[in-house]
Chemist: 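Before we start, here is the structure in question, set down as structure tokens.
Values below: every heavy atom of this structure, side chains too, minus hydrogens, waters and symmetry copies.
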Amino acid sequence: MASAISAAKATVFLVEDHPILAQGLKALIDDESDLAVCGMAVDADASLAAIVAARPSVAIVDLTLRSGNGLDLIKALRERLPDLPTLVLSMHDESLYAERALRAGARGYVMKKEASERILAALRKVLAGEVYVSEKTASKMLSGIVEGRGAELRWSG
């Protein structure tokens, strides 16, 4: 698979345990001129070794997996590949899980219910070294910092 990927494309590793969603994401990403999926896994255990071996430009990780969980995987990836940006794509409510994901080492959080254009925008933002959360979540987090709650939250990667 890697030999078919152009050097100009950013490579994406998908960690998603729902086959139809994984196939749809792969098709969405591979249809973009600047992106290509370089690997896929369905659980935390298998994905860690596969991601380390594949050395993708970015990993997209679901929080709920067949075995293990996405937050633990993100922490393990941050230890093994500290420069690898990770985008969480989850069904879980962003207002409840985004900050946890960022604290674990993710660079962005987007919900599965979002339009494909928003998912691609989040992916490109994370690839550019920026942090992605929805405007509503960003505002909530910044308000918390201004009001003295969550002042320990760090936005640098």
Chemist: For a quick test of reading the model, state the closest non-hydrogen atom pair linking A22 to L14 and the distance between them.
Modeler: O-CD1, 3.9 Å
Chemist: How close do A44 and L65 get, heavy atom to heavy atom, and via which atoms?
Modeler: N-CD1, 3.8 Å
Chemist: Where is the tightest heavy-atom contact between M111 and M91, given as atom of each residue plus distance?
Modeler: CE-O, 3.6 Å
Chemist: Counting N and O atoms only, with roles assigned by atom type, does the side chain of T11 sit under 3.5 Å from a partner on the main chain of A36, one being a donor and the other an acceptor?
Modeler: no
Chemist: Sub-3.5 Å donor-acceptor pair from the side chain of D43 to the main-chain atoms of D17, do we have one?
Modeler: no
Chemist: What closest approach, in Å, do S47 and L73 show between heavy atoms, and which atom pair accounts for it?
Modeler: OG-CD2, 3.3 Å
Chemist: How would you list, by chain and number, every residue that makes a salt bridge (charged side-chain N to carboxylate O under 4.0 Å, His left out) with K112, sequence neighbours excluded?
Modeler: E16, D62
Chemist: Mind checking salt bridge (charged side-chain N to carboxylate O under 4.0 Å, His left out) for D31 and listing every partner two or more places apart, or none if nothing turns up?
Modeler: none
Chemist: Passes salt bridge (charged side-chain N to carboxylate O under 4.0 Å, His left out), E79 versus K75? Steps please.
Modeler: CA-CA 6 Å; E79 288 178 17; K75 290 174 187 175; over 6 Å; no
Chemist: For the NE2 atom on H18, are there more than 12 heavy atoms of other groups (residues, nucleotides or ligands in this structure) within a distance under 6.0 Å?
Modeler: no
Chemist: Please answer whether the main-chain N or O of S134 pairs with a side-chain N or O of E94 as donor and acceptor at a distance below 3.5 Å.
Modeler: yes
Chemist: Looking only at non-hydrogen atoms, find the nearest pair between D30 and V37 and report the distance.
Modeler: OD1-N, 2.8 Å
